[in-house]
Amino acid sequence: MTGRHLHPDALLVRDLSVSFDGFKAISGVDVSFAPGELHFLIGPNGAGKTTLVDALTGLVRGTGSATYGGKELLGLRSHKIVRAGVGRTFQTATVFEQLTVLQNLDIAAGLHRPAWRLALARRGVPTAVEEALETIGLSELRHRPAGVLAHGQKQWLEIGMLLVQDARVMFLDETVAGMSADERAETGELLRRIGRDRTIVVIEHDMDFVRNHADVVTVMHAGRVLAEGSVAEIQANEAVQEVYLGRTVKGSVDA
Amino acid sequence: MITRLKSSLPLLGIAALALALLVVAPAVLSDLRLNNLAKYCCWAMVAVGIGLTWGRGGMLVMGQGVFFALGAYAMGMHMQLESVGDGGIPTFMILYDPLAPLPAFWEPFRSGVFTIAMIVVAPVVVASILGFAIFKRRVKGAYFAILTQALAVALATLISGTIKYTGGDTGLSGFTSFFGYTLDDPLNRRLIFTITATLLIGCLVVVWQLYRSRFGELLVATRDAEERVRFLGYDPANVKLVAFVVAAVMASIGGAMFVPIAGIMAPKSMDAAASIFFIAGVALGGRAALFGPVLGALAVGYGQSTLSEQWPGTWIYVLGLLFVVVTIALPGGIASLATRGAGVMAGLLVGRRPSHRKAASA
Amino acid sequence: MDSLIAPLLNGTADGALLLIAALGLALTFGQMGVINMAHGEFLLAGALTGYVTQQMVASTNLSILLALPIAFVVAGALGVVLEATVIRWMYDRPLDTLLATVGVAMILRQLVLDTFPSQGVGVVTPDWLDHQLDVFGYEWPLRQLFTILLAGACLGALAAVLKFTSFGRQIRATVQNRALAETLGVSTRMVDRVTFFVGSGLAGVAGVAISLIAATDSTLGTKYIVSAFLVVVAGGLGQLKGTIIAAWVVGVSTAFFTDWTTGSIAQVIVFVLVVIFLQVRPQGLFTVRTRGLA
């Protein structure tokens, strides 16, 4: 652990454990995610990265504590967590394929609308949606059905959906997996732009991407936090080298 | 300009259908045929609701007979009491037990206002409770379909088994008047047709507004990626519940109007087989399209009465084949042919072929 | 004593019938995700096989034993035909298999109606089954015991096949990961067909047993299909243990409720109870996949 001081708006995780039928998928994880920095979550397969995010977004049950903005997240149902400002994407981009890009964003933006307004048709484009379209670079494609978008564009659309919701914390699960080099670079830029005043946590396997963009890296292994720090600190960490070099990702950390 | 035209097309369609049902049909059809058409309109109301839940919401409701029965039996009880006059007791009850008093739950149905209120309130209450339980527990897909069908079977069995209170398999019949109007008068029967057709148009307008509203988009989103909707901060259960309740009310109204038109209400008209019959038109016409369920239901209704009169067996084969062929070859129903055709036509008009190119290159 | 023993034994026998019918569904629905609404008509096919066999074989004692394997093959063959012509097109669309097989069921029912007398046909109980056992003073029809033994035999055979044979392993491999199973040289098409054959065949066997108890007419399938589905769903998918318990509980509780009220009310009560039960314990009713959300 580095001696980073706690940011007042950070998402604080204390002693979080998740077990499936007796198997401890993660145990006793302490970590904090602060706004303004790109936080990466790495680790070998089965390390518990996605499970950690699942627990924080209400998809699986965890014990311990996770607070954000003075609110305990554990035990809340998924949609309540979203309403508390914590959003996420999934490994496989999940957008509403039959709806247009604009409709996708509009649905996301409707989160805080009063329910009866749902009975009305959409007139015009909400400003938040217009801004998000610009930010994620899909303005030109707004009337396309989301199903025909390229892989990278779908991921951006998902990020855009979090943007229009004004999610203060975003968990992005393997966002650049399967993207071309150009798309990766653009995604990195995008994350920088939107991360200035938000808490962005990215689960990632692509070490080049991590090296290029990470401010803070948390390495998970066997359900625990193995190390945390800057890219340089992580690369110098012996325990991390052991885990990675002993396994398949040889050469990708120390390159 | 073009988009304006496009968005008003559905309204034009509804207007055309209204014209056909309310003006053309009464002018050209005999009393008997008009009465038949009224019956198809009742089924079509159920179908419009199924289009909403199944087509747009992805919930295959195989037990709409339950809600059809709520409306139909409410109306049936009222008309039965109206026919026997003040303080009278329905004939079938006297046959069963000459001394039995009118069951308590029948009593309020002497009032026309109460009956009309129940036709709307009962399905709302039942569908809300059922839907809340089912959707909050995230029961969906085939499980949902089977559960709803089981409920239709259960209710049909219950009605069959309680002859003293519901008339059992024979059902309620022998009605003579409808809210003070005698059913013998052909003019009154035409009036009933007009009411039914208007209600059907009303149902269509409701779903048209729902489809173009943000709710409609959210419903499709829930159908295609329920978990994603949840992670956008909505509770998908509520979205589905609204569609389910609206469809239940439509089925109930259809059932209520069915009674004066058919002159009888029995479990046969709402059991599992009937509930499946309601789906047939929706599948044929195109479940997700605005006009698919209506036109499909009218067509299937017409097919049933013309074919089954002469060759009852043949009709069952036709209906069975319809399910098989449509689901294998044409899951979008006939409406999907129309959309495809329209796409080709538009392409020809603009002078290029419809583009299937992925936006990836854009 | 009598009032408790009778419904318990009758209910167990009914539960055993439900179990055989549900076992087939547990295979096709539980393992393959196919909702075959024509399964009820496969029961009917089995019952009719029992009837036809009895017409052909003079000895009723022998015919019932002959009818069991024949019904298995007849219903199984129907299942294979259904799989090859209808279901294979929609493995990724479970709701559509439901609708298409609803259509098939209607057609099969009408075929039976057009072929056999509409008031139904009767199967004569063979002499060796036409006895009563004295159980604490209750004269228990022997054919009910036969049903229970038959269910046990079907269950044992199915469990053994799934657990010990290479075919059983292939089924489980296909269920768990179709693509991987294919790369390992499992012919998943073949597995699908055989699974469907066995599942449907079991319906045939159940049908023969039903024909001993009730008159066989075209509505036989509709009477059993919804209960059988509820048993599979309530029991939980992917394990036979749950199916057995659910079938027995449904059978026995229906018998008791029938004793206290009437047959139709009992059915309603049990249906509603199952539906409520599924509210409390919807295990297997939903699976949340975390890596991607389909």
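Hydrogens, waters and symmetry mates are skipped; everything else that's a heavy atom, side chains included, is used. Treat the numbers as computed from the prediction; the structure is a model and nothing was measured. Chain A is the first sequence line, chain B the second, and so forth, proteins listed ahead of strands; every chain is numbered from 1.
- Nearest heavy-atom pair, C:Leu95 versus B:Gly58, reported as atom, atom and distance to 0.1 Å: CD1-O, 4.0 Å.
- The environment of B:Tyr317 atom OH is dense: over 12 non-hydrogen atoms of other residues, nucleotides or ligands sit within 6.0 angstrom.
- Only the side chain of B:Ile279 comes within less than 4.5 Å of a heavy atom of chain C; its backbone N, CA, C and O stay farther away.
- The shortest non-hydrogen separation linking C:Ser264 to B:Gly161 is OG-CA, 3.4 Å.
- The CZ atom of B:Phe277 lies 9.0 Å from the CE atom of C:Met106; values are rounded to the nearest 0.5 Å.
- Summarising the local packing, OH of B:Tyr165 is surrounded by 12 or fewer heavy atoms from other residues, nucleotides or ligands at distances under 6.0 Å.
- With a threshold of 4.5 angstrom between heavy atoms, B:Leu321 approaches chain C through its backbone and through its side chain.
- Across B:Pro331 and C:Arg93, no two heavy atoms sit closer than the pair CG-NH1, 3.1 Å.
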What's the verdict on side chain to side chain contact (heavy atoms under 4.5 Å, CB included) for C:Met90 and B:Thr327, showing C-alpha distance, side-chain angles and the deciding distance? CA-CA 9 Å; C:Met90 37 183 97; B:Thr327 35; 4.3 Å; yes

Between B:Ile328 and C:Val86, is a side chain to side chain contact (heavy atoms under 4.5 Å, CB included) present by the stated rule, with each step listed? CA-CA 7 Å; B:Ile328 291 181; C:Val86 175; 4.1 Å; yes

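- Using a 4.5 Å heavy-atom threshold, the side chains of B:Leu60 and C:Leu99 count as touching.
- For chain C, the nearby part of B:Ala145 is the side chain; its heavy atoms alone come within less than 4.5 Å.
- Here the straight-line distance linking atom CE of C:Met37 with atom CD1 of B:Ile146 works out to 6.5 Å at 0.5 Å rounding.
- Of the residues listed (C:Val233, C:Val274, C:Val226, C:Leu230), the one engaging B:Leu147 in a side chain to side chain contact (heavy atoms under 4.5 Å, CB included) is C:Leu230, and it is the only one.
- Interface remark: C:Arg109 contributes no atoms to any contact with chain B (heavy atom separation under 4.5 Å).
- Of the listed residues C:Leu98, C:Ile265, C:Thr85, the one with more heavy-atom pairs under 4.5 angstrom with chain B than any other is C:Leu98.
- Residues C:Phe271 and B:Ala150 come closest through the heavy atom pair CD2-O, 3.3 Å.
- A 6.0 Å sphere centred on NZ of B:Lys136 holds more than 12 heavy atoms belonging to other residues, nucleotides or ligands.
- Looking at C:Asp96, both its backbone and its side chain come within 4.5 Å of chain B, counting heavy atoms on both sides.
- Top candidate by heavy-atom pairs under 4.5 Å with chain B, chosen from C:Thr97, C:Thr262, C:Val102, is C:Val102.
- For a residue to count as touching a neighbouring chain, one of its non-hydrogen atoms must lie under 4.5 Å from one of that chain's; by this rule C:Leu111 touches chain B with backbone and side chain alike.
- The nearest pair of heavy atoms linking B:Ala142 to C:Ile35 is CB-CD1, 3.1 Å.
- Taking the ring centroids of B:Tyr143 and C:Phe229, they lie at or beyond the 6.0 Å cut-off.
- Neither the backbone nor the side chain of B:Ser160 comes within less than 4.5 Å of any heavy atom in chain C.
- Interface residue C:Gln267: only side-chain heavy atoms are found under 4.5 Å from chain B.
- When side chains are defined from C-beta on, B:Val153 does not count as touching C:Val268, because their heavy atoms never get closer than 4.5 Å.
- Other residues, nucleotides and ligands place more than 12 heavy atoms under 6.0 Å from the CZ atom of C:Phe116.
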